[in-house]
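All remarks here apply to the structure that follows.
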Protein chains: 2
Amino acid sequence: MFSQAMQDYLKAIYKLQEQGGAVSTSALAEAMGVAAASATGMVKKLAGLKLVRHHPYQGVVLSKAGEKMALEVIRHHRLLELYLAEALGYSWDKVHEEAERLEHVISEEFEEKIFEALGRPTRDPHGDPIPAKDGTLVVAEHDRLSDLEPGATGVIRQVSDSDAEVLRYLGIRGLVPDAAVEVLEKAPFNGPLTVKTGETSHVLGREVASHIRVEARAADDA
Amino acid sequence: MFSQAMQDYLKAIYKLQEQGGAVSTSALAEAMGVAAASATGMVKKLAGLKLVRHHPYQGVVLSKAGEKMALEVIRHHRLLELYLAEALGYSWDKVHEEAERLEHVISEEFEEKIFEALGRPTRDPHGDPIPAKDGTLVVAEHDRLSDLEPGATGVIRQVSDSDAEVLRYLGIRGLVPDAAVEVLEKAPFNGPLTVKTGETSHVLGREVASHIRVEARAADDA
DNA sequence: AGATTTGTTTAGGCAGTCCTAAAATAGCCG
DNA sequence: CGGCTATTTTAGGACTGCCTAAACAAATCT
Ligand SMILES: [Mn+2]
Ligand SMILES: [Mn+2]
Ligand SMILES: [Mn+2]
Ligand SMILES: [Mn+2]
């Protein structure tokens, strides 16, 4: 239907929009790894197809139809990630890359089959929500682990899947969705956090800790 | 590495070569569903990459490297077909189409994972041999069911996967690889065959019967 | 053999996606 | 406000894979 390139642009626009309104050409180009001129070109094409609204020099926003398309691709991506991890034993740092290519070629039947095989899941291995078939997506904004203060406790809900290195690092340490965590220490001047999971504690740099989203438990037992 | 188009051309050349030496431009174009000029163009490109040898006006032949590439793609295709059927419950008439797209995007790791999950299989759902990782392929030429004479018995070894309609038709009737068959009758003038599988007998047109390859048992009990 | 038919290649184009370089615009700062 | 700078768009090209039409080569028929 729509080309792989178009699907990837729509997905990128969706994700950039999540973190703040209209998407600039340069942000889109950066995310897609192309020159700014290329992004402009594609945006104009998508606008012609009514998948986005483009106000020149002001950025681009998905239309209802464009958002539907983007969520369809994201659904494929996240279902695939989970399937690769659960059914084929992929480690969670490798699923993203493989899903990135598969997402564009699987049929609706394939999507349906793995959805059922996985027991109609709602979250991918990184804790990201899987859009429903009708284009519904439950967004839950959680705090960055790096923003919590010492003494705070909570449960990991999401880990950014953008960096495979980081995922491997965190996976080994059990810092995965549904793990309970407690912030023991937080060094000043953007210093590292000391975090406890289970019986072990780990020292994490701010950068790494910002990849982890935590549902904080109210600190009412302090 | 190589584009999807190149992979499909190599695969098509491989299959055409199987049924008789050098491949003509028109046969290749026909198989690929493109104009003859397009096939010539791609052949010249593949020749430049030393994947085929092209003698203008005389046809094209895969080089050793080209054959390796073709077998790699065919291995992907057949493993995927089997995986879709076994692990995801696809019916055998739908696996081909899905595998046709997936074959180009799965990683070597994916290939390895489904190969192991399937117990290192050697045949796809249609009975076609799966090339080994090193590019080895065991070819076994079997008789067409349509060429057997009344009284002949044997075991179905392969069913051509080129026509989904035919596959559905045969699947319902239990005419699948490993099924034992006996030719009861064969009407003259290219008429239909009457074939027995298990307790039921079926009347099959020549065309359909030619899609079935049978390992004949010597007719020594006639 | 010469002529015709058939198959193949070359020539010239088009669409999609990307690029670099140049032009246009917006936002900021003195 | 007017000019500078950073961002964005336009212009012009490259490259892939496809197309049609025309030129060419081989095979076939008389
Ligand atoms: Mn992608
Ligand atoms: Mn993910
Ligand atoms: Mn293919
Ligand atoms: Mn097959």
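Everything quoted here is computed from the prediction, not taken from an experiment. All chains are named by letter (A, B, ...) in the order of the sequence lines, taking the proteins before the strands, and each is independently numbered beginning at 1.
Seen from the ring of F115(A), R75(A) counts as a face-on cation partner, given the 6.0 Å and 45° thresholds.
Side-chain N/O atoms of H54(B) include none lying less than 4.0 angstrom from OP1 or OP2 on dT8(C). Side-chain nitrogen and oxygen atoms of S26(A) include at least one within less than 4.0 Å of the OP1 or OP2 phosphate oxygen of dT8(D). In terms of phosphate contacts, K44(A) brings no side-chain nitrogen or oxygen within less than 4.0 Å of OP1 or OP2 of dT8(D).
Atom CE in M32(A) sits about 16 Å away from atom P in dT8(D), given to the nearest Å. For the pair L28(A) CG and dT17(C) C1', the interatomic distance rounds to 14 Å; values are reported in whole Å. In this structure, the CG atom of L46(A) is 13 Å from the C1' atom of dG16(C), given to the nearest Å.
Note on T25(B): only backbone sugar-phosphate atoms sit closer than 4.0 angstrom, heavy atoms only; bases stay farther off. Heavy atoms of H55(A) sit nowhere under 4.0 angstrom from any nucleic acid atom.
V159(B) places none of its side-chain heavy atoms less than 4.5 Å from the side chain of V176(B). No side-chain heavy atom of H76(B) sits under 4.5 Å from any side-chain heavy atom of H104(B). Side-chain contact between Y9(B) and S38(B): present, with at least one pair of heavy atoms (C-beta onward) separated by less than 4.5 Å.
No salt bridge links E72(B) with K68(B); every basic N to acidic carboxylate O contact stays at or beyond 4.0 Å. Look at R78(B) and E103(B) and you find no salt bridge, because none of the NZ, NE, NH1 or NH2 atoms lies under 4.0 Å from a carboxylate O. Between E98(B) and R101(B), at least one side-chain N (NZ, or NE/NH1/NH2) sits under 4.0 Å from a carboxylate O, which counts as a salt bridge. Ionic pairing of K11(A) and E100(A) is present here: one or more N-O contacts between side-chain nitrogen and carboxylate oxygen are shorter than 4.0 angstrom.
If you look at H96(A) and H77(A), their ring centroids are closer than 6.0 Å.
A distance-only check finds a donor-acceptor pair linking the side chain of S63(A) to the backbone of K50(A) [under 3.5 Å]. The backbone N or O of S146(B) sits less than 3.5 Å from a side-chain atom of K186(B), completing a donor-acceptor pair.
The nucleotide whose nearest atom lies closest to any side-chain atom of M42(B) is, among dC18(D), dT8(C), dT9(D), dC18(D).
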Heteroatom pairs (N/O) under 3.5 angstrom, protein to nucleotides 20-26 of chain C:
{"unit_1": "dT25(C)", "atom_1": "O4'", "unit_2": "Y57(A)", "atom_2": "OH", "d": "3.4"}

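Helical stems involving DNA chain D, defined as 3 or more consecutive Watson-Crick or G-U pairs under 3.5 Å, span C:1-30 with D:1-30.
In the region residues 2-22 of chain B, proximity to DNA chain D at under 4.0 angstrom, judged on heavy atoms, holds for S3(B), A5(B), Y9(B).
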